[in-house]
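Report on the structure given below.
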Protein chains: 2
Amino acid sequence: MHEIGQRIVSGKVKPGDVLPREETLAESLQVSRTALREALKVLSAKGLIESRTGVGARVLEKRHWNQLDADVLAWRCASMPTDDFVDKLVEMREVIEPAAVAAAARRRTAEHLAEIDSAYRAMDAAQTLDEWTAADLQFHDAVLHATGNELLQSLFSVIETALGTFFALSARTAANFKYSLPHHQKVLEAIRRRQPEVARKAMQALIADSQANLQQSRGRARARKKAGA
Amino acid sequence: MHEIGQRIVSGKVKPGDVLPREETLAESLQVSRTALREALKVLSAKGLIESRTGVGARVLEKRHWNQLDADVLAWRCASMPTDDFVDKLVEMREVIEPAAVAAAARRRTAEHLAEIDSAYRAMDAAQTLDEWTAADLQFHDAVLHATGNELLQSLFSVIETALGTFFALSARTAANFKYSLPHHQKVLEAIRRRQPEVARKAMQALIADSQANLQQSRGRARARKKAGA
DNA sequence: CCCGAGCTGTTTGTCATACAAATCGACTAT
DNA sequence: ATAGTCGATTTGTATGACAAACAGCTCGGG
């Protein structure tokens with residue numbers, strides 16, 4: 001599934017193309033037709049392909065892809081982490097997270113707050129980059145959970161991918177990986193005090209700061225590339 | 001797939017439960033194990049279940065469900081179109097659409113505008129409720145498309161479900177089903193003139209109006225229920 | 001009495017094969 | 001020229017068999 005999914009998402013096969021017939025595809029991937037079909041069925045569920053009897057499996061247009069699917073996002077990141085795509089991930093965060101944190105500040109229960117607080121303390125206590133990353137993800141997930149709207153929470157896969165890409169691109173060191181802790185604290189406090197608009201502003205600042213950091217990394221990356229060339 | 005998916009989403013089997021083994025399940029559904037396995041694989045991709053060898057297929061917690069999946073949304077609507085769930089759909093629209101229309105007003109191309117305009121004219125020309133519904137969906141899809149962010153466009157399944165549920169609940173008549181046309185016109189004009197904030201406000205008004213209409217329907221439904229009881 | 005290692009039964013994961021159903025394209029008869 | 005039909009191709013489904021992995025039990029040791 002991953003093999004074929006990546007081929008499609010990376011553009012090796014384009015929308016409109018039809019895949020080879022199942023028998024040959026199965027042979028070329030060294031699996032049985034049964035296993036291949038289960039993979040194709042999942043790709044079909046993700047909106048990447050459509051199988052029709054007598055014709056074959058046709059790659060659908062991007063329009064139909066389930067772009068918010070965790071796998072599809074991961075494949076896109078693996079094949080083309082272009083600036084363009086990262087900008088789109090940032091835009092999604094700008095839409096989702098401020099609205100979500102405002103809702104969370106309005107409706108949070110004591111349990112939700114405890115969850116967010118726990119994640120914050122884990123971020124504060126993090127010793128390694130991996131610990132920090134895990135706690136950071138937990139923080140943003142807890143905020144979405146606190147909205148009480150599971151539809152919003154399902155957008156976590158987007159935030160997860162966005163943060164993951166961010167970490168990958170901005171090669172942070174042990175010295176500075178905690179730089180955004182104060183921003184997170186402001187968000188936490190606004191939720192604690194049930195101040196939706198304060199929370200929204202704090203989250204916007206957090207994302208803006210994160211984006212600025214990303215731009216900086218891009219600048220450094222381009223400079224290195226230029227110097228190397 | 002739909003049968004088992006509905007059983008899970010409707011709560012007939014709860015998170016933590018394990019499904020019967022594949023052989024008996026296949027027999028009870030009158031299909032082969034092959035076909036059943038393809039269905040389970042898709043449900044697994046949607047995050048509803050997790051299969052482990054030697055144990056069986058366990059229903060995952062709602063936390064892991066891919067709630068934005070078109071099928072999952074449809075199953076929820078089919079089994080429990082409660083006020084609570086409709087409110088969550090409305091909240092999603094309140095988050096997504098104003099932000100999306102603002103982005104669309106900023107970045108739209110001539111082609112995008114033509115698409116939206118075409119949908120608007122179809123709404124204006126609609127003679128039947130079905131025609132109107134199709135054009136309305138096309139309008140909102142075109143707006144998402146105009147953002148140029150395919151991640152945002154993938155949220156169309158949510159808007160689609162929300163509007164579909166809305167139409168189902170509010171049993172509109174031929175006389176009044178076009179009442180929201182002026183709101184759509186304001187949105188269209190703001191996008192044409194590239195006025196992001198005007199567009200945002202217009203979309204907020206459109207959704208608010210739609211929600212008000214929904215509340216009214218609920219009131220009538222409750223009144224009928226009370227009178228009948 | 002408690003605990004861990006190994007064994008065994010159960011269930012999913014994969015495979016090979018066969019056939020039914022549906023579709024497309026070419027051919028034929030009107 | 002066109003409509004209908006036939007056949008080749010490909011997916012959809014079914015069946016039977018075996019490999020792999022896990023849960024719980026049993027048994028031996030401390």
Side-chain angles (χ1 to χ4, degrees), chain A residues 1-9 12-66 69-72 74-75, chain B residues 1-9 12-66 69-72 74-75:
Chain A
M1 182 187 79
H2 282 81
E3 175 61 33
I4 301 176
Q6 279 192 353
R7 277 188 203 170
I8 294 174
V9 172
K12 278 172 112 175
V13 291
K14 294 166 193 168
D17 293 357
V18 296
L19 300 169
R21 38 187 293 228
E22 295 179 350
E23 208 170 7
T24 48
L25 240 184
E27 194 178 5
S28 72
L29 290 174
Q30 300 276 322
V31 294
S32 70
R33 218 189 97 179
T34 309
L36 177 83
R37 272 187 61 79
E38 289 184 358
L40 291 182
K41 200 88 188 183
V42 173
L43 292 178
S44 174
K46 294 184 192 301
L48 296 187
I49 61 174
E50 186 191 44
S51 287
R52 299 180 61 183
T53 73
V55 183
R58 205 178 75 251
V59 178
L60 292 176
E61 292 178 14
K62 290 186 181 178
R63 189 184 191 81
H64 298 96
W65 296 2
N66 202 336
D69 182 277
D71 287 323
V72 176
W75 292 331
Chain B
M1 183 186 81
H2 281 80
E3 175 61 33
I4 302 176
Q6 279 193 353
R7 279 187 202 169
I8 294 174
V9 172
K12 278 172 111 175
V13 291
K14 295 166 193 168
D17 293 359
V18 295
L19 301 169
R21 38 185 294 225
E22 294 179 350
E23 206 171 9
T24 50
L25 239 184
E27 195 178 5
S28 73
L29 290 174
Q30 299 277 322
V31 294
S32 70
R33 201 169 80 108
T34 308
L36 177 83
R37 274 186 60 78
E38 289 184 358
L40 292 182
K41 201 89 188 180
V42 173
L43 293 178
S44 174
K46 294 183 191 302
L48 295 186
I49 61 174
E50 186 191 44
S51 287
R52 298 179 62 182
T53 71
V55 183
R58 205 176 75 252
V59 177
L60 292 176
E61 292 178 14
K62 291 185 182 178
R63 188 182 191 83
H64 298 98
W65 296 1
N66 204 335
D69 182 276
D71 287 323
V72 175
W75 292 332

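The model shown is predicted, which means the values in this text are computed figures rather than measured ones. Here is how names work: the chains are called A, B, and so on, in the same order as the sequence lines, proteins then strands, and each is numbered from 1.
Side-chain proximity of B:Lys41 to C:dT14, C:dT11, D:dA14: nearest is C:dT14. Residue A:Arg21 has its side chain nearest to D:dT10 when only C:dT14, D:dT10, D:dT15 are considered. Here D:dT11 is the nucleotide among D:dA14, D:dT11, C:dC24 with the atom lying nearest to any side-chain atom of A:Arg37. Side-chain proximity of A:Arg52 to the nucleotides D:dG12, C:dC24, C:dC15 is greatest for C:dC24. In the set D:dC22, C:dT12, D:dG12, D:dG12 carries the atom at the smallest distance from any side-chain atom of A:Ser51. When each of D:dA14, D:dA23, C:dC15 is scored by its nearest atom to the side-chain atoms of B:Val55, the top-ranked nucleotide is D:dA23.
To the nearest angstrom, P of D:dT10 lies 16 Å from CZ of A:Arg58. Between A:Glu27 atom CD and C:dC15 atom P the separation is 13 Å, expressed in whole Å. Look at CD1 on B:Ile49: it is 12 Å from C1' on C:dT12, rounded to the nearest Å. When rounded to the nearest whole Å, the span between CD of B:Glu23 and P of C:dT11 equals 9 Å. Across the protein-nucleic acid pair, B:Glu50 atom CD and D:dA21 atom P stand 16 Å apart, rounded to whole Å. To the nearest angstrom, C1' of C:dT11 lies 13 Å from CG of B:Leu25. When rounded to the nearest whole Å, the span between CG of A:Leu40 and C1' of D:dT11 equals 10 Å. Atoms CG (A:Leu36) and P (D:dT10) sit 15 Å apart, rounded to a whole Å.
Counting distance only, with no hydrogens placed and no angle test, the side-chain atoms of B:Arg33 and the base atoms of D:dG16 include no donor-acceptor pair under 3.5 Å.
Side-chain contact between B:Ile4 and B:Val13: absent, with no pair of heavy atoms (C-beta onward) separated by less than 4.5 Å. Put simply, the side chain of A:Glu38 reaches to within 4.5 Å of the side chain of B:Lys41, judged on heavy atoms. Counting heavy atoms from C-beta outward, A:Leu40 and A:Leu19 have side chains that approach closer than 4.5 Å.
Each of B:Glu22 and A:Thr34 was assigned the nucleotide of DNA chain C with the nearest heavy atom; the assignment lying further toward the 5' end belongs to B:Glu22.
A salt bridge links B:Glu23 to B:Arg21: at least one charged side-chain nitrogen sits closer than 4.0 Å to a carboxylate oxygen.
Neither OP1 nor OP2 of C:dA22 sits under 4.0 Å from any side-chain N or O of A:Thr53.
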Q: Could you go through the side-chain contact (heavy atoms from CB on, under 4.5 Å) check for B:Met1 and B:Leu43 one step at a time?
A: CA-CA 7 Å; B:Met1 183 186 81; B:Leu43 293 178; 3.8 Å; yes
